[in-house]
Amino acid sequence: MSTKGFKSGDAFPDDVVFSYIPWSEEAGAITSCGIPINYYASKEWANKKVILFALPGAFTPVCSANHVPEYIKKLPELRAKGVDQVAVLAYNDAYVMSAWGKANGVTGDDILFLSDPDAKFSKSIGWADEEGRTYRYVIIIDHGKVTYAAKEAAKNSLVLSSADAVLKQL
């Protein structure tokens with residue numbers, strides 16, 4: 001796999017697995033914990049149009065104030081453009097990502113809050129920093145093929161991976 005991210009036309013790898021806690025009514029409160037499971041992204045997304053956006057960490061300023069809320073707000077527009085799944089990814093563990101989804105009022109699988117343990121996936125594509133945090137980036141995957149991928153130039157930049165930027169790529 002490339003060490004410089006993806007380019008349009010690349011195949012999404014067939015072995016990508018994240019950690020995830022599915023939302024449930026019974027564990028819907030932010031103080032409730034579910035059980036992390038493996039989320040087999042390659043398999044789940046093989047026949048879907050997916051937006052995977054990644055960020056440096058849950059509950060951080062740009063991520064919490066702008067990045068995630070913008071995707072929540074623009075979800076109906078993304079769906080209207082044929083997007084089947086939106087997922088946010090960070091190096092945080094599945095418990096933190098689950099709580100962050102709840103803190104943002106996301107229920108069901110409207111937006112998946114996925115954990116990239118040890119930034120394994122992000123490091124494999126060269127899109128993690130020296131501390132092991134995920135860079136801010138976005139990948140649009142359409143039935144197993146990457147149609148758009150971009151990494152932000154700076155940690156607090158929100159230009160290429162914003163929901164508005166993604167809408168223009170769909």
Side-chain angles (χ1 to χ4, degrees), residues 1-24 27 33-64 67-68 71 83-104 106 109-158 160-163 165-166 169:
M1 187 184 326
S2 168
T3 59
K4 302 290 182 202
F6 293 102
K7 62 184 181 306
S8 186
D10 285 349
F12 190 71
D14 61 6
D15 59 351
V16 178
V17 180
F18 300 119
S19 183
Y20 169 64
I21 298 177
W23 187 89
S24 70
C33 293
I35 304 297
I37 61 170
N38 284 336
Y39 184 84
Y40 298 93
S42 303
K43 180 181 173 192
E44 292 289 334
W45 298 342
N47 296 308
K48 295 179 181 174
K49 184 184 270 189
V50 178
I51 297 168
L52 173 64
F53 70 102
L55 34 79
F59 296 104
T60 56
V62 173
C63 307
S64 289
H67 211 176
V68 169
Y71 273 93
V83 173
D84 298 300
Q85 186 66 69
V86 175
V88 58
L89 182 70
Y91 81 103
N92 300 96
D93 69 36
Y95 296 106
V96 171
M97 293 304 287
S98 174
W100 198 30
K102 293 173 187 178
N104 278 281
V106 176
D109 63 357
D110 285 344
I111 297 178
L112 300 177
F113 283 74
L114 303 175
S115 170
D116 185 7
D118 302 316
K120 181 180 173 186
F121 173 74
S122 298
K123 286 177 184 174
S124 78
I125 62 170
W127 286 359
D129 67 19
E130 58 282 344
E131 298 169 8
R133 282 182 176 264
T134 307
Y135 282 138
R136 188 179 309 279
Y137 63 83
V138 64
I139 304 169
I140 300 174
I141 307 148
D142 192 349
H143 293 78
K145 293 283 183 201
V146 173
T147 60
Y148 176 74
K151 179 178 77 67
E152 297 290 356
K155 193 174 195 173
N156 291 324
S157 179
L158 187 53
L160 303 172
S161 64
S162 70
V166 167
Q169 298 297 324

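Excluded from the calculations below are hydrogen atoms, water molecules and symmetry mates; all remaining heavy atoms, backbone and side chain alike, are included. Everything quoted here is computed from the prediction, not taken from an experiment.
Atom NZ of Lys49 sits in a crowded spot, with more than 12 heavy atoms from other residues, nucleotides or ligands closer than 6.0 Å.
Proximity of Trp100 to Val68: side-chain heavy atoms (C-beta onward) are separated by under 4.5 Å at one or more points. Inter-residue side-chain proximity for Val96 and Phe113 is flagged as unmet; no heavy-atom pair is nearer than 4.5 Å. Side-chain contact between Tyr20 and Phe18 is absent, with no heavy-atom pair separated by less than 4.5 Å.
A distance of 6.5 Å separates OG1 of Thr60 from CZ of Arg136, quoted to the nearest 0.5 Å. Taking OG1 from Thr134 and CG from Asp118, the interatomic distance works out to 10.0 Å, rounded to the nearest 0.5 Å. For the atom pair CG of Asn38 and OG of Ser19, the computed distance is 6.5 Å after rounding to the nearest 0.5 Å. Atom CG of Asp142 and atom CG of Asn47 lie 10.5 Å apart (nearest 0.5 Å). Expressed to the nearest 0.5 Å, how far CG of Asp116 lies from CG of Asp93 amounts to 12.5 Å. Glu131 CD to Tyr91 OH: the interatomic distance, rounded to the nearest 0.5 Å, is 8.5 Å.
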**OP:** Step by step, work out the side chain to side chain contact (heavy atoms under 4.5 Å, CB included) result for Leu52 and Phe121.
**Re:** CA-CA 12 Å; Leu52 173 64; Phe121 173 74; 4.2 Å; yes

Original post:
Could you go step by step and tell me if Met97 and Val88 meet the side chain to side chain contact (heavy atoms under 4.5 Å, CB included) rule?
Top reply: CA-CA 9 Å; Met97 293 304 287; Val88 58; 4.3 Å; yes

**OP:** Test side chain to side chain contact (heavy atoms under 4.5 Å, CB included) on Asp110 and Trp23 and set out the steps.
**Re:** CA-CA 10 Å; Asp110 285 344; Trp23 187 89; over 6 Å; no

**OP:** Kindly determine whether Lys7 and Asp10 satisfy salt bridge (Lys or Arg N to Asp or Glu O under 4.0 Å), including the steps that lead there.
**Re:** CA-CA 6 Å; Lys7 62 184 181 306; Asp10 285 349; 3.3 Å; yes

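In this structure Tyr39 satisfies the side chain to side chain donor-acceptor pair (under 3.5 Å) test together with Trp45, sequence neighbours excluded. With sequence neighbours excluded, no residue satisfies side chain to side chain donor-acceptor pair (under 3.5 Å) with Thr147.
Proximity of a side-chain donor or acceptor of Gln85 to a complementary backbone N or O of Asp109 within less than 3.5 Å is detected. Checked by atom type and distance alone, the side chain of Ser161 never pairs as donor or acceptor with a backbone atom of Val138 at under 3.5 Å. In this structure a side-chain-to-backbone donor-acceptor pair under 3.5 Å is missing from Asp84 to Lys48.
In plain terms, the two heavy atoms of Ala103 and Phe59 that are nearest each other are CB-CE2, 3.9 Å. Of all heavy-atom pairs spanning Leu160 and Ala150, the tightest one is CB-CB, 3.7 Å. Contact between Ala128 and Ala119 at its shortest, heavy atoms only, is CB-CB, 4.1 Å. Taking each heavy atom of Glu152 and Ser157 in turn, the nearest pair found is OE1-OG, 3.2 Å. Taking both residues in full, the closest heavy atoms of Leu89 and Ser122 are given as CD2-OG, 4.3 Å, listed atom of the first, atom of the second, then distance. Between Ala11 and Lys145, the shortest heavy-atom contact is CB-NZ, 4.0 Å.
The aromatic rings of Phe6 and Trp127 lie perpendicular to each other, with more than 60° between the two planes, well past the 30° mark.
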